[in-house]
Amino acid sequence: MLPHKVIGSKLHAAVRAVLPDADLAPVLVRPCPDPRFGDYQTAGLMGLAKQRKLNPRQVATDVRAHLELSELCEKIEIAGAGFLNFHLRPEAVARAVTEALTDDRLFLEPAVPPRTIVVDFSSPNVAKPMHVGHIRSTILGDCLARALRRLGHRVITDNHLGDWGTQFGMLLVGWKRELNRVALQTDPIAEMERLYQKTSAACKTDAAILEAARQELVKLQAGDAENLALWREMIALSQGQFDTIYGRLGVTFDHTLGESFYNPQLPGLVAELAAKGIARESDGAQAIFFDDIPSLKTTPALVRKSDGGFNYTTTDLATLAYRMATWQPDEVIYVTDGRQQLHFQQLFAAFRKWQPGHLGLKLAHVWFGSILGEDGKPFKTRSGETIKLADLLDEAEERALRVVTEKNPDLAEAARREIARVVGIGAVKYADLLPNRQSDYVFSWDKMLSLSGNTAPYLQYAYARIRSIFRKAAESAGGPPRPVPLQLRTAEETTLAKHLLNFGIVLEAVAEEYRPNYLCNYLYELAGHFTRFYEHCPVLKAAAAERASRLALCDAAGRVLRQGLEVLGIEVLEQM
RNA sequence: GCGCCCGUAGCUCAGUUGGAUAGAGCAUCUGCCUUCUAAGCAGAGGGUCCCGCGUUCGAAUCGCGGCGGGCGUACCA
């Protein structure tokens, strides 16, 4: 068991002995904010003392008297207003690292019990290019799914494509009147986008075109064979684009059930809501009112428009019901931008009214801020167009290739291109995951690709240096490294080893709060601790026992770096 | 009008149940490559955490009131 887990369980037992009726939930063991205080601390005893009007330092003293941790800790201090600070024995740290290397758990303990979690993210629109607006949902959602999986949960990812809606009326008009077959073969998305934009513009000035679009839409919705076939072709062409982009990003989905999948259920769903008195007629539409929820009182949700069409609340309700019936999840996570907060409040409230039985179900809207240009306005190209994701990834790789070529001109071109791919894509992802997700962030090519500071390449570089040591170790007379008990002789080794112990704590926090930036910062610190160790502690030139110990430490650091980056969806390289 | 979010170093941003002397990157300045990859390391300077009041042993964090900005607010998603 990991040291902080042992400390936690013994601490709880000690608190129970001192204050039998105390709530143990706030008595948490956390890494100390400053190593001078110790390795782990709890601030929770002060809260307990406060509730009971006891002297907090006295409570800490009493609790400490019930703690038997001499194997793990060299001392347990009472500090400040009533902190309990735990100082690990170096042997205990060394033992924990060695143990972590002998199995695959690697400083993690699997979640008990594992939960079933649906993650809904990315959700691009058919017949349109994926653009920067999709990047955060895609990268963040993929990362959260990876983190939850790594912790042992059963994760189901579902890409809720925008494959239905009024835009298809215009697309069908454009397709039938002006389709350029050659252009469609060369770049289907660009051609469909052109058709849409041209027809959309024409609709604004020409009532006949607008009417034509309306009629094509009605035909499609009525199941007209020709329009359905064209619509399916548009989806297939779009899916090709999605596959290409997801392939480049290393993002996968278990299911791709777009909005259209739920169409057949919508009329019955609205009828049921109306029959149960959950929805009622209002200005010709069917609306759900939330009179019992103060924050939603003035904002009803429409489930059917006055023209008979359905809204995304309707589709999302059907989608959620399907997910509950199909997978019985404990939790459903939606990763979208913050502007949809009201929608998800309404959706969750409406679903609880409609299907009140799912008591343990957790519904989470994991929202994120906007990507801004350097002028502080929504991120666009100079000419004011949205930036296509494919172009963005191309440019990232091109810029990375220039840097690789400059740093490492002797490598073969194929090798440089592969490094540039991993570095470029990694840089884009890391730039998106590093800021607090709720902040708007300013997109900067230079910063993202500067390849210095707190960036993906810094982490990848640290990993490549570790791998380089192992290549050299295999060549040298010492032979291949074997796991050995660690000897932590220097401050750099001890700091690095202690940092490794906290990988699981950080991953749990990422999953708990849906914040990958915690992991980014942890890995950045890890890379820093490793690099300082690397600068100060020779590995291959050390004497036999120390060499073996340091190799084992490198191995542990490398594995945590690789697995941590894997959770972020970022690849590593053997050589940079 | 109402609701949500934001305001922290010159710039861009972190800041885990309220917790100890508020951190990082960039930029600026000073050192370090005959030694496992210098895409690196060591060090320096830089703060009215928007303002005020309050709660608390303790507030960047919680409450109230301002100021400034972003977004949302019934038939788009």
Side-chain angles (χ1 to χ4, degrees), chain A residues 25-28 30-34 36-37 41 43-44 46-47 49-50 56 79-83 85 123 125 162 165-167 259 282-287 295-307 309-313 315-316 336-343 345 367 369-370 372 374 376 403-404 406-408 423 434-436 438-442 444 446-447 450-455 457-458 460-462 464-473 476 505-506 509 512-513 515 517-518 520-521 524-525 528 531-532 534-542 550 554 575-576:
Chain A
V27 183
L28 300 174
R30 290 247 169 94
C32 286
D34 184 324
R36 281 176 305 147
F37 299 141
Q41 68 169 213
M46 290 181 280
K50 187 179 193 169
F83 292 93
N85 289 331
S123 309
N125 294 318
T166 49
Q167 75 270 25
E259 293 169 353
S282 172
D283 289 344
Q286 283 288 328
S295 61
L296 294 178
K297 207 161 182 164
T298 58
T299 49
L302 297 193
V303 289
R304 200 182 66 200
K305 300 190 281 183
S306 51
D307 69 0
F310 302 101
N311 301 74
Y312 73 150
T313 300
T315 313
D316 278 357
T336 83
D337 73 88
R339 288 173 299 195
Q340 297 189 42
Q341 284 176 86
L342 177 59
H343 166 67
Q345 284 177 26
W367 60 269
S370 310
L372 307 176
E374 308 215 35
V403 178
V404 176
E406 183 192 322
K407 298 279 179 191
N408 232 333
V423 168
L434 179 62
N436 179 323
Q438 288 170 324
S439 311
D440 293 344
Y441 85 91
V442 176
S444 160
D446 288 341
K447 183 172 298 182
S450 76
L451 314 185
S452 68
N454 190 356
T455 62
Y458 177 80
Q460 291 166 323
Y461 182 59
R465 284 173 137 184
I466 295 173
R467 299 309 305 159
S468 176
I469 291 175
F470 281 98
R471 275 196 303 279
K472 295 235 158 66
S476 71
I505 296 176
V506 171
E512 180 68 29
E513 297 184 41
R515 294 194 188 280
N517 61 312
Y518 291 168
C520 293
N521 285 315
Y524 178 63
E525 285 164 15
T531 310
R532 285 185 280 278
Y534 179 93
E535 298 276 344
H536 293 102
C537 306
V539 176
L540 298 176
K541 293 195 168 115
R550 287 180 175 172
C554 288
Q575 193 178 357
M576 279 175 76

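Computed from heavy atoms alone, side chains included, the values below leave out hydrogens, waters and symmetry copies. Residue numbering restarts at 1 for every chain, and letters A, B, ... go by the order of the sequence lines. Because the structure is a prediction, the values reported are computed rather than measured.
For the C1' atoms, the distance linking B:rU12 with B:rG3 amounts to 29 Å, nearest Å. B:rU16 and B:rA20 have their P atoms separated by 11 Å, with the value rounded to a whole Å. Between B:rC76 and B:rG63, the distance separating the two C1' atoms is 38 Å to the nearest Å. Comparing B:rG10 with B:rC50, their P atoms are spaced 13 Å from each other, to the whole Å. The gap from the P atom of B:rC71 to that of B:rG66 amounts to 22 Å, rounded to the nearest Å. Taking atom P in both B:rA22 and B:rC36, one finds a spacing of 40 Å when rounded to whole Å. Remark: the separation of the C1' atoms in B:rG69 and B:rU8 is 16 Å, to the nearest Å. B:rG47 and B:rC11 have their C1' atoms separated by 15 Å, given to the nearest Å.
Picking from B:rG19, B:rA39, B:rA14 the nucleotide with the shortest atom distance to the side chain of A:A81 gives B:rG19. With B:rU17, B:rC36, B:rA38 as the choices, the nucleotide that has an atom nearest any side-chain atom of A:R465 turns out to be B:rA38. Among B:rG72, B:rG40, B:rG15, the nucleotide with an atom closest to any side-chain atom of A:L342 is B:rG72. Considering only the side chain of A:Q575, B:rU37 comes nearest among B:rU37, B:rA14, B:rG72. Candidate nucleotides B:rG40, B:rA20, B:rC13 were compared by shortest atom distance to the side chain of A:F37, and B:rA20 ranks first. Candidate nucleotides B:rU16, B:rA39, B:rU37 were compared by shortest atom distance to the side chain of A:R30, and B:rU16 ranks first. When distances run from any side-chain atom of A:M46 to the nucleotides B:rU16, B:rA14, B:rC57, the shortest one goes to B:rC57. Ranking B:rA39, B:rG40, B:rU17 by closeness to the A:M576 side chain, first place goes to B:rA39. Proximity note for A:H536 (side chain, C-beta onward) versus B:rA77, B:rA42, B:rU37: the nearest is B:rA42.
To the nearest 0.5 Å, the span separating CZ on A:R467 from SG on A:C554 amounts to 10.0 Å. Taken to the nearest 0.5 Å, the CG atom of A:N436 stands 9.5 Å off from the CD atom of A:E513. One finds the CG atom of A:N454 at 4.5 Å from the CG atom of A:L434 (value rounded to the nearest 0.5 Å). Atom CZ in A:F310 sits 13.5 Å away from atom CD in A:E259 (nearest 0.5 Å).
B:rA20: no Watson-Crick or G-U partner with both key distances under 3.5 Å is found in any strand. B:rG47 is unpaired under the criterion used here, namely a Watson-Crick or G-U wobble arrangement in which both key atom distances are under 3.5 Å. Across all strands shown, the partner of B:rG63 is B:rC53, judged by Watson-Crick or G-U wobble contacts whose two distances both fall under 3.5 Å. Across all strands shown, the partner of B:rC2 is B:rG72, judged by Watson-Crick or G-U wobble contacts whose two distances both fall under 3.5 Å.
By the 5.5 angstrom centroid cut-off and the 30-degree plane limit, A:F83 is classified as not stacked against the base of B:rG19.
Across all strands, A:A79 comes closer than 4.0 Å to base atoms (heavy-atom distances). A:D34 comes within contact range of no nucleotide atom at all, as no heavy-atom separation falls under 4.0 Å. At the heavy-atom level, A:C554 lies nowhere under 4.0 Å from the strands shown. Within 4.0 Å of A:T298, counting heavy atoms only, lies no atom of the nucleic acid at all. Base engagement by A:G44 is indicated by at least one non-hydrogen atom pair under 4.0 Å involving a base atom. As judged by a 4.0 angstrom heavy-atom cut-off over every strand, A:V539 is placed among the base-contacting residues. Contacts of A:K541 with the nucleic acid, taken as non-hydrogen atoms under 4.0 Å apart, involve only primed sugar atoms and P, OP1 or OP2. Using a 4.0 Å heavy-atom cutoff across all strands shown, A:E259 reaches sugar-phosphate atoms only and no base atom.
Remark: the A:R515 side chain and the A:Q438 side chain contain an N/O donor-acceptor pair separated by less than 3.5 Å. Side-chain atoms of A:R304 and A:N311 include no donor-acceptor pair closer than 3.5 Å.
Put simply, A:T299 has no side-chain N or O that comes within less than 4.0 Å of OP1 or OP2 on B:rU73. The phosphate of B:rU16 (OP1 or OP2) has no side-chain N or O of A:N521 nearer than 4.0 angstrom. Taking 4.0 angstrom as the limit, A:Y458 places a side-chain polar atom (N or O) nearer than this to OP1 or OP2 of B:rC41. OP1 or OP2 of B:rA39 lies within a sub-4.0 Å distance of a side-chain N or O belonging to A:K407. A:K297 has no side-chain polar atom (N or O) that falls below the 4.0 Å cut-off from OP1 or OP2 of B:rC2. Considering only side-chain N and O atoms, A:N436 lies under 4.0 angstrom from the phosphate OP1 or OP2 of B:rG15.
Rounded to whole angstrom, the span from the CG atom of A:N454 across to the P atom of B:rA39 amounts to 18 Å. Put simply, CG on A:N408 is 9 Å from P on B:rA39, counting in whole angstrom units. The CZ atom of A:R532 sits 18 Å away from the C1' atom of B:rU37 (whole-angstrom rounding). Atom OH in A:Y534 sits roughly 17 Å away from atom C1' in B:rA42 (whole-Å rounding). Between the OH atom of A:Y518 and the P atom of B:rG23 there is a distance of 18 Å, given to the nearest Å.
Side-chain atoms of A:D337 and A:S370, non-hydrogen and from C-beta on, never get closer than 4.5 Å to each other.
Mapped onto RNA chain B by nearest heavy atom, A:C32 and A:N125 fall at different nucleotides, with A:C32 at the one closer to the 5' end. Nucleotides of RNA chain B nearest to A:D440 and A:Y524 differ in position, and the one nearer the 5' end is that of A:D440.
Ring-plane geometry between A:Y312 and A:H343 is classed as parallel, the angle between the planes falling under 30 degrees on a 0 to 90 degree scale with a further cut at 60.
Residue A:E512 qualifies as open at atom CD: its count of foreign heavy atoms under 6.0 Å is 12 or below.
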Write out a two-atom table: protein N or O, nucleotide N or O from nucleotides 3-7 of chain B, distance below 3.5 Å.
from, atom 1, to, atom 2, distance (Å)
B:rC4, O2', A:Q341, OE1, 2.9
B:rC4, O2', A:Q341, NE2, 3.3

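By the rule that a glycosidic angle within 90° of 0 means syn, B:rC29 does not qualify and counts as anti.
In this model, no side-chain donor or acceptor of A:R467 finds a partner on the base of B:rU37 within 3.5 Å. Between the side chain of A:N85 and the base of B:rA20 there is at least one donor-acceptor pair of N/O atoms closer than 3.5 Å. Counting atom types as modelled, A:Y461 pairs no side-chain N or O with a base atom of B:rA39 as donor and acceptor under 3.5 Å.
Listed for the A:Q341 side chain is a donor-acceptor partner under 3.5 Å among the backbone atoms of A:G338. Judged by distance alone, the side chain of A:D307 and the main-chain N or O of A:G309 form a donor-acceptor pair under 3.5 Å.
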Practice problem: Report the C-alpha separation of A:Y458 and A:Y524 in whole Å, then their side-chain angles, then the decisive distance to 0.1 Å, and conclude whether the ring pair (Phe, Tyr, Trp, His ring centres under 6.0 Å) test is met. | Solution: CA-CA 8 Å; A:Y458 177 80; A:Y524 178 63; 5.3 Å; yes
